[in-house]
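Heads up: the structure comes next, in structure tokens.
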Protein chains: 2
Amino acid sequence: MSSVTDKISERIPSAERREQILEAASRVFGERGYFGATTDQIAKEAGISQPYVVRMFGGKENLFVGVLTRSLDRLLVAFTEAIAQWKAEGSPAAVDPASDVTPSGAHGEIGRRLGLAYVNLIEDRGLLLSLMQAFSMGQDPTIGGKARDGFLTIYRLLRSEAGFTPEEARSFLAEGMLLNTLLGLRLPDEYGKDDAATELVECTFRTKLQLVLEVSGDEGARA
Amino acid sequence: MSSVTDKISERIPSAERREQILEAASRVFGERGYFGATTDQIAKEAGISQPYVVRMFGGKENLFVGVLTRSLDRLLVAFTEAIAQWKAEGSPAAVDPASDVTPSGAHGEIGRRLGLAYVNLIEDRGLLLSLMQAFSMGQDPTIGGKARDGFLTIYRLLRSEAGFTPEEARSFLAEGMLLNTLLGLRLPDEYGKDDAATELVECTFRTKLQLVLEVSGDEGARA
DNA sequence: GTCTATAGGAAGATAGAC
DNA sequence: GTCTATCTTCCTATAGAC
């Protein structure tokens with residue numbers, strides 16, 4: 001059996017190893033970005049050697065694309081499920097545009113469900129942060145295209161499946177991008193330490209405050 | 001007089017040179033992020049040698065902090081001016097909270113003015129993108145703190161000077177973060193090429209479409 | 001104030017053994 | 001499937017001349 005001090009990792013199927021690496025990479029890329037992250041940090045996080053990481057994915061860029069693809073897939077799945085469930089429970093067929101004016105952010109019940117599904121993704125440490133990192137790389141020849149595609153796929157899903165108007169979709173995405181930004185800033189770590197930070201975090205994460213603070217704390221402890 | 005092919009740059013006051021470097025750095029950091037940008041790229045962009053960039057700021061990190069500070073200053077100035085002008089023209093002393101429910105995003109006239117001031121900052125190529133990059137570096141011991149401070153300063157300004165409620169401030173910031181994200185994704189470059197991209201860009205930048213497309217195009221041409 | 005030369009140190013990738 | 005050793009490239013920072 002393998003002990004913690006073994007230098008050579010247990011021999012496991014490559015598919016499984018691949019997934020481990022993607023998870024580790026998601027966290028490290030999320031923390032430090034594409035350029036800031038090193039394949040060595042990712043390897044250590046995954047408990048294997050640096051060359052193995054590179055060999056498995058054929059290079060750092062491919063690995064990042066893998067992480068991005070995985071993150072987008074999970075996000076799409078989460079949204080698709082939320083929409084399916086909403087429809088199954090009998091969604092208001094079509095909202096009268098004129099009456100669809102709610103105080104903060106418009107979009108009704110489906111908006112609330114999608115928002116919750118989004119916040120729940122924080123549990124997958126690194127997912128939203130990796131996405132955010134990718135979304136700042138539009139200029140990159142390889143990554144930029146994938147990032148735009150993914151973002152637009154989400155937009156189309158909101159428009160056609162969730163029935164959002166362009167305004168509603170924009171507003172919903174905006175909330176998501178703010179959430180990403182607060183995570184990127186590590187503002188949840190300031191909760192209780194700074195009045196403005198506390199108010200803003202509370203106001204943004206109301207529904208899931210506990211989750212956010214726990215996850216944020218974990219990350220702080222490891223760094 | 002100096003010709004374009006001169007190897008040695010014109011001798012100019014250090015304050016002026018400093019500003020040139022900050023401008024160049026703002027663009028490069030905005031494009032590639034803190035880790036992705038190299039001091040050499042910045043030097044080339046500024047038309048001077050790499051060691052001079054380092055010497056002038058004492059290191060890459062200090063340079064980034066300089067860029068961040070400059071960006072935040074300009075943003076604060078723009079907002080402060082917009083608020084001052086709004087107040088001078090006789091702002092509705094205090095909005096009745098119950099009636100302050102507008103279709104897309106709440107916040108009334110002052111929100112529109114601040115939003116316009118924000119979009120206008122796109123003209124300073126690199127400013128918003130550098131900010132966005134900084135906002136994803138909360139984990140960095142040096143930069144993270146400055147970034148959080150800056151973000152919270154904006155938040156406090158919105159709350160106390162512009163009279164926003166927490167909800168309004170959050171909603172306003174969210175719109176800003178979406179705008180940053182679209183710029184980071186280079187989505188304006190897709191305008192007219194993809195239906196979803198066109199719709200979203202149009203919907204987000206309505207007031208300033210022309211400006212956005214021009215600036216975005218410029219960047220594309222240089223890359 | 002500005003440069004050239006270069007030291008010193010990562011970091012990504014490859015070769016090859018087990 | 002996984003590692004050790006190492007090549008090569010690139011980058012920040014320093015030294016020192018003009």
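Quick note on labels: first sequence line is chain A, next is B, and so on, each numbered from 1.
- Considering only side-chain N and O atoms, B/Ser9 lies nowhere under 4.0 angstrom from the phosphate OP1 or OP2 of C/dT2.
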For nucleotides 6-18 of chain D, just jot down a letter per nucleotide in 5' to 3' order: B, S or -, based on protein non-hydrogen atoms under 4.0 Å. -----SBBB-B--
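- The interatomic distance linking A/Phe57 (CZ) with C/dG12 (P) rounds to 15 Å, in whole Å.
- Between B/Tyr52 atom OH and C/dG1 atom P there is a gap of 5 Å when expressed in whole angstrom units.
- Remark: A/Phe164 pairs with A/His107, A/Phe172 by the ring pair (Phe, Tyr, Trp, His ring centres under 6.0 Å) rule, at least two apart or across chains.
- Not a single salt bridge (Lys or Arg N to Asp or Glu O under 4.0 Å) links A/Asp140 to another residue, sequence neighbours left out.
- Regarding B/Lys44, its NZ atom lies at a distance of 18 Å from the P atom of C/dT2, rounded to whole Å.
- In this structure, B/Ser14 reaches the sugar-phosphate backbone alone: every heavy-atom distance under 4.0 Å involves primed, P, OP1 or OP2 atoms, never a base.
- Residues satisfying the ring pair (Phe, Tyr, Trp, His ring centres under 6.0 Å) test with B/Phe64, not counting sequence neighbours, are B/Phe29, B/Tyr34.
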Between side-chain atoms of residues 197-205 of chain A and protein atoms elsewhere (two or more places apart, or another chain), which donor-acceptor pairs fall under 3.5 Å?
residue  : atom : partner  : partner atom : Å
A/Thr198 : OG1  : A/Gly192 : N            : 2.9
A/Thr198 : OG1  : A/Asp194 : O            : 2.7
A/Glu199 : OE1  : B/Arg159 : NH2          : 3.1
A/Glu199 : OE2  : B/Tyr155 : OH           : 2.5
A/Glu199 : OE2  : B/Arg159 : NE           : 2.4
A/Glu199 : OE2  : B/Arg159 : NH2          : 3.2
A/Glu202 : OE1  : A/Tyr191 : OH           : 2.9
A/Thr204 : OG1  : A/Leu200 : O            : 2.8

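- Following rounding to the nearest Å, A/Met56 (CE) and C/dA13 (P) show an atom-to-atom distance of 15 Å.
- Listed by first and then second residue, the salt bridge (charged side-chain N to carboxylate O under 4.0 Å, His left out) pairs involving residues 71-81 of chain B are B/Glu19-B/Arg74, B/Arg74-B/Asp124 (not counting sequence neighbours).
- Between B/Arg186 and B/Glu31 a salt bridge is recorded (basic side-chain N to carboxylate O distance below 4.0 Å).
- Going from atom CD of A/Glu10 over to atom P of D/dT2 covers 9 Å, rounded to whole Å.
- Applying the salt bridge (charged side-chain N to carboxylate O under 4.0 Å, His left out) test to pairs two or more places apart or on separate chains, none has a residue in residues 52-67 of chain B.
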Trace of the side chain to side chain contact (heavy atoms under 4.5 Å, CB included) decision for A/Lys44 with A/Asp40: CA-CA 6 Å; A/Lys44 290 220 169 67; A/Asp40 196 50; 2.8 Å; yes
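- One atom, CD1 of B/Ile42, and another, C1' of C/dT2, lie 18 Å apart when rounded to the nearest Å.
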Residues 144-151 of chain A side chain polar contacts: donor-acceptor under 3.5 Å, at least two apart:
residue  : atom : partner  : partner atom : Å
A/Arg148 : NH1  : A/Gly138 : O            : 3.0
A/Arg148 : NH1  : B/Leu185 : O            : 2.8

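- Using five terminal pairs a side, the axes of the helix from C/dG1-D/dC18 to C/dC18-D/dG1 at its two ends make an angle of 10°, given in steps of 10 degrees.
- Closest contact between the side chain of A/Ile48 and the listed nucleotides D/dC3, C/dG1, C/dC3 involves D/dC3.
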